[in-house]
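Numbers here simply count residues along the sequence, with the first being 1. Nothing here was measured: the structure is a model prediction, and the numbers come from that model.
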Amino acid sequence: MFNNDDFFLSIMESPVPSNPGKKNGLLMGVIAVVVVVVIVGSFIGLDYHNLFPTKVTTTAPPATNSTIFVYSGPSGPSNANHLLGGCVVGIMSNGATPVASEQLMAYLLNPYVQQGCEAATGFIPVDSGAFTSSPSHTVPTLYSPNNATVNVYYYNSLTTSDEPYVSSVISHFESSYPNIDVHLSFIRATDIINEVKTLEASHSTENVVMTIDNIDIGTLFYEGYLYNLTSAASAITAGAGEIQSVTNLNNYETHVFGGIYFMTQLVNIPLVWINYSAMQKAGITTAPTTDAQLLTDAKTLYNYYGVGMVNFQGHGGASTPTEVYQWMVQFGGNPMVFNDTGDIAAMDYLLNLSQYFSPDYTSSYWATISGLPSNTYTMMDYQWPGSVNITQLGMKPYNSSDTVINASFNAIQSGVFIRDPVAWLSQWQFYMDNAWISIIEEHASLSSVPSILGAQNAAMWNYLNTTYNAAYGMQYEDGVYQPIVA
């Protein structure tokens with residue numbers, strides 16, 4: 001992604017690996033995205049801060065009648081910000097008719113379309129726009145029906161199960177805009193990158209719109225392949241009803257880049273899932289709202305059931321670093337550098353919590369929380385709702401406000417952040433896995449946590465210094481690469 005070495009100012013002196021415990025301050029990052037999706041308007045008036053009852057006087061129901069709750073999870077000592085996942089939408093820079101591509105973007109980001117997308121794909125909308133009007137009445141007209149017929153090539157990286165809905169959206173779009181012919185292709189995010197690179201290299205003027213993972217968009221931005229949407233952004237999102245955190249991200253992208261180059265189309269936000277019946281049985285009547293309370297409850301569950309009951313995505317790969325990333329941000333750290341004071345505090349906490357981890361943690365991944373209703377574990381600490389089959393889970397909310405969409409909205413209102421989509425994210429994940437193995441799986445002492453994280457910081461710096469140059473490595477050490485918090 002960062003092949004353009006001239007993007008940043010050159011630093012003359014060679015960097016020195018960070019000392020354990022350095023402080024990079026609160027996270028304001030290098031990059032932000034515009035989250036332009038929607039939330040069902042009827043939910044807006046609910047009380048999102050009371051997803052759990054404050055007191056339960058009934059005895060625990062039998063295991064066959066488990067009550068499964070979802071909520072936004074405990075707040076960290078520094079903030080309650082949640083990681084935003086999902087896909088962004090952007091336009092290739094050299095398209096001959098960008099306004100036609102913008103018209104498709106406006107349609108994809110319309111609240112009515114987003115509502116259908118939430119139902120079909122599980123991605124959670126986060127907007128206060130109205131859902132009662134069809135797109136033909138609410139999408140702003142950017143490409144006039146009197147304009148010439150054009151082709152727009154739309155690349156979409158969603159999974160096979162999501163393809164029927166996307167195809168139906170494009171079909172309806174073409175019915176509403178007969179002078180825009182959309183050529184739809186479902187391909188992987190990495191293939192989208194390669195396709196756009198090939199088109200740019202051949203000086204193609206095709207109109208290309210892409211729905212791509214928010215991490216992968218960085219390659220296209222930093223290599224200059226994205227169209228600047230700044231002048232059209234307000235028109236594209238007209239009437240969308242952005243919530244404040246979305247507006248903040250929009251403004252921050254403009255501040256950092258001097259423009260808007262992509263907008264988040266589909267949002268996923270990790271939540272905490274609980275077998276509330278099993279918690280009641282152990283004498284716990286409220287969901288933990290702080291990390292201190294979570295640690296206490298984890299010990300209570302362990303003492304009652306005789307085994308760790310807090311599950312964690314701890315098997316390595318992209319799953320574990322993503323999970324740890326959120327914890328470090330909530331502790332006020334900068335996960336990109338591994339070892340500032342907030343990072344160390346977060347890993348200290350996770351080391352203490354790990355003694356109460358479910359044995360399932362070494363195999364758990366984003367695709368399932370199947371152990372929850374059977375109480376193989378009582379709590380799933382952060383799972384993506386877009387991956388959870390709620391019907392199969394048998395989720396029985398305590399009341400009408402205990403829904404995934406409400407919990408997601410509550411999390412987003414509390415604050416959001418985004419991973420910096422740097423080219424070396426997979427290398428960072430590799431080093432974070434190393435730290436996880438050394439600290440959690442091998443049961444390190446608390447006193448050794450700073451040195452373990454410091455070693456991964458040095459390894460990351462070494463990689464950047466060798467792969468790019470010393471100036472780039474210094475920027476890394478100076479905290480240039482950070483999560484984006486809004």
Side-chain angles (χ1 to χ4, degrees), residues 17-22 74 76-77 83 270 272 291-292 294-303 305-369 371 376-383 419 424-464:
S18 301
N19 293 321
K22 71 177 183 179
L83 174 65
V272 172
D291 291 332
L294 171 60
L295 193 60
T296 298
D297 289 350
K299 182 177 181 179
T300 299
L301 290 168
Y302 179 86
N303 289 337
Y305 289 103
V307 66
M309 299 302 287
V310 175
N311 205 23
F312 198 98
Q313 297 184 41
H315 68 93
S319 181
T320 302
T322 300
E323 195 90 342
V324 174
Y325 198 106
Q326 168 139 333
W327 278 94
M328 286 183 169
V329 172
Q330 290 189 334
F331 271 72
N334 176 3
M336 304 303 290
V337 300
F338 295 96
N339 69 329
D340 78 7
T341 53
D343 300 335
I344 294 171
M347 197 57 80
D348 283 348
Y349 177 86
L350 291 176
L351 179 56
N352 285 326
L353 184 66
S354 67
Q355 62 188 309
Y356 308 120
F357 279 174
S358 162
D360 285 13
Y361 92 92
T362 57
S363 59
S364 290
Y365 194 49
W366 56 265
T368 181
I369 53 175
T376 301
Y377 43 85
T378 303
M379 175 180 293
M380 180 66 196
D381 186 80
Y382 293 123
Q383 179 61 288
R419 287 170 290 179
W424 37 273
L425 191 65
S426 61
Q427 193 70 24
W428 175 89
Q429 290 172 342
F430 172 77
Y431 294 135
M432 185 59 81
D433 268 339
N434 287 346
W436 176 265
I437 292 170
S438 297
I439 295 172
I440 304 299
E441 294 186 15
E442 296 178 357
H443 311 293
S445 64
L446 283 173
S447 62
S448 66
V449 170
S451 62
I452 293 172
L453 291 176
Q456 302 313 313
N457 167 271
M460 189 75 254
W461 167 80
N462 217 17
Y463 172 84
L464 296 176

Q: Apply side-chain contact (heavy atoms from CB on, under 4.5 Å) to residues Trp327 and Tyr382 and explain how you reach the verdict.
A: CA-CA 10 Å; Trp327 278 94; Tyr382 293 123; 3.9 Å; yes
Q: What heavy-atom pair brings Trp428 and Met460 nearest, and what distance separates the two atoms?
A: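 That closest heavy-atom pairing would be CA-SD, 3.7 Å.
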Q: Kindly list each side-chain donor-acceptor pair under 3.5 angstrom involving residues 345-352, sequence neighbours excluded, with atom names and distances?
A:
{"unit_1": "Tyr349", "atom_1": "OH", "unit_2": "Asp291", "atom_2": "O", "d": "2.6"}
{"unit_1": "Asn352", "atom_1": "ND2", "unit_2": "Asp348", "atom_2": "O", "d": "3.4"}

Q: Quick one, Pro74 and Val272 - any side-chain contact, counting heavy atoms below 4.5 Å?
A: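 Pro74 vs Val272: side chains touch.
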Q: Evaluate the side-chain contact (heavy atoms from CB on, under 4.5 Å) criterion for residues Phe357 and Ile440: first the C-alpha distance (whole Å), next the side-chain angles of each, then the deciding distance (0.1 Å), finally the verdict.
A: CA-CA 10 Å; Phe357 279 174; Ile440 304 299; 4.2 Å; yes
Q: Calculate, to the nearest 0.5 Å, the distance between atoms NE2 and CD belonging to His315 and Glu441 respectively.
A: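 His315 atom NE2 to Glu441 atom CD measures 10.5 Å (nearest 0.5 Å).
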Q: In chain order, what residues pass the side chain to side chain contact (heavy atoms under 4.5 Å, CB included) check against Asp433, with sequence neighbours excluded?
A: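 Testing Asp433 for side chain to side chain contact (heavy atoms under 4.5 Å, CB included), a comparison that skips the adjacent residues, returns Thr320, Pro321.
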Q: Keeping Thr296 on the side-chain end and Ala292 on the backbone end, is there a donor-acceptor pair under 3.5 Å?
A: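 Yes; at least one donor-acceptor contact below 3.5 Å.
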Q: Taking C-beta and beyond as the side chain, do Met336 and Met432 meet within less than 4.5 Å on heavy atoms?
A: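 With C-beta onward as the side chain, the pair stays apart.
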Q: Nearest 0.5 angstrom please: Glu323 CD to Phe312 CZ, how far?
A: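 Here the rounded value is 4.5 Å.
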Q: If only side-chain N and O atoms count, and only distance matters, is there a donor-acceptor pair under 3.5 Å linking Asn311 with Ser364?
A: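 Yes, Asn311 and Ser364 have a side-chain donor paired with an acceptor closer than 3.5 Å.
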Q: Is a side-chain N or O of Gln429 found less than 3.5 angstrom from the main chain of Thr322, in a donor-acceptor match?
A: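 Not at all, since once roles are kept as given, no pair shorter than 3.5 Å links the two residues.
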Q: When you measure from the side chain of Gln456 to the backbone N and O of Asn339, does any donor-acceptor pair fall under 3.5 Å?
A: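 Not a single qualifying donor-acceptor pair exists.
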Q: Among residues at least two apart in sequence or on other chains, which ones pass ring pair (Phe, Tyr, Trp, His ring centres under 6.0 Å) with Tyr356?
A: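 If we apply the ring pair (Phe, Tyr, Trp, His ring centres under 6.0 Å) test to Tyr356, skipping adjacent residues, the hits are Tyr302.
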Q: Taking side chain to side chain contact (heavy atoms under 4.5 Å, CB included) as the test, write out the residues that go with Phe430, two or more places apart.
A: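 Phe430: side chain to side chain contact (heavy atoms under 4.5 Å, CB included) contacts with Gln427, Asn434.
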Q: For the side chain of Asp340 and the backbone of Asn334, is there at least one donor-acceptor N/O pair under 3.5 Å apart?
A: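 Looks like yes, one N/O pair under 3.5 Å.
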Q: Test Leu453 against Ile344 for side-chain contact (heavy atoms from CB on, under 4.5 Å), laying out the working first.
A: CA-CA 7 Å; Leu453 291 176; Ile344 294 171; 3.9 Å; yes
Q: Which atom names give the shortest non-hydrogen contact between Gln383 and Tyr365, and what distance separates them?
A: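 Closest approach of Gln383 to Tyr365, heavy atoms only: NE2-O, 3.0 Å.
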Q: Please enumerate all residues that pass side chain to side chain contact (heavy atoms under 4.5 Å, CB included) together with Ser448, with sequence neighbours excluded.
A: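 With neighbours one apart ignored, the set is Ala444, Ser445, Ser451, Ile452.
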Q: With the side chain counted from C-beta on, respond yes when Val307 and Ser358 share a heavy-atom pair under 4.5 Å apart, and no when they do not.
A: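 They are not in contact (no side-chain heavy atoms under 4.5 Å apart), so the answer is no.
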Q: As an exercise, state the distance from CE of Met380 to CG of Asp360, rounded to the nearest 0.5 Å.
A: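 Interatomic distance, Met380 CE to Asp360 CG, rounded to 0.5 Å: 9.5 Å.
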Q: Apply side-chain contact (heavy atoms from CB on, under 4.5 Å) to residues Gln355 and His443 and explain how you reach the verdict.
A: CA-CA 9 Å; Gln355 62 188 309; His443 311 293; over 6 Å; no
Q: Measure the spacing between CG of Asp381 and CD of Gln313 and express it to the nearest 0.5 Å.
A: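 So the CG of Asp381 and the CD of Gln313 are separated by 9.0 Å.
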Q: If I compare all heavy atoms of Pro335 with all of Asp343, which pair ends up nearest, and what's the gap?
A: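 Reported closest heavy-atom pair: N-OD1, 3.5 Å.
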Q: To the nearest 0.5 Å, how far apart are OH in Tyr305 and OG1 in Thr378?
A: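 One finds 5.0 Å between OH of Tyr305 and OG1 of Thr378.
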Q: Of all residues at least two apart in sequence or in a different chain, which pass the ring pair (Phe, Tyr, Trp, His ring centres under 6.0 Å) check with Tyr377?
A: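 Once residues adjacent in sequence are excluded, Tyr377 has no partner under the ring pair (Phe, Tyr, Trp, His ring centres under 6.0 Å) criterion.
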Q: Which of parallel (below 30°), tilted (30 to 60°) and perpendicular (above 60°) describes Trp436 and Tyr361?
A: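 Because their plane-to-plane angle is over 60°, the rings of Trp436 and Tyr361 count as perpendicular.
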Q: Taking all atoms of both residues into account, what is the closest heavy-atom pair of Leu353 and Leu295, and its distance?
A: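 The answer is CA-CD1, 3.8 Å.
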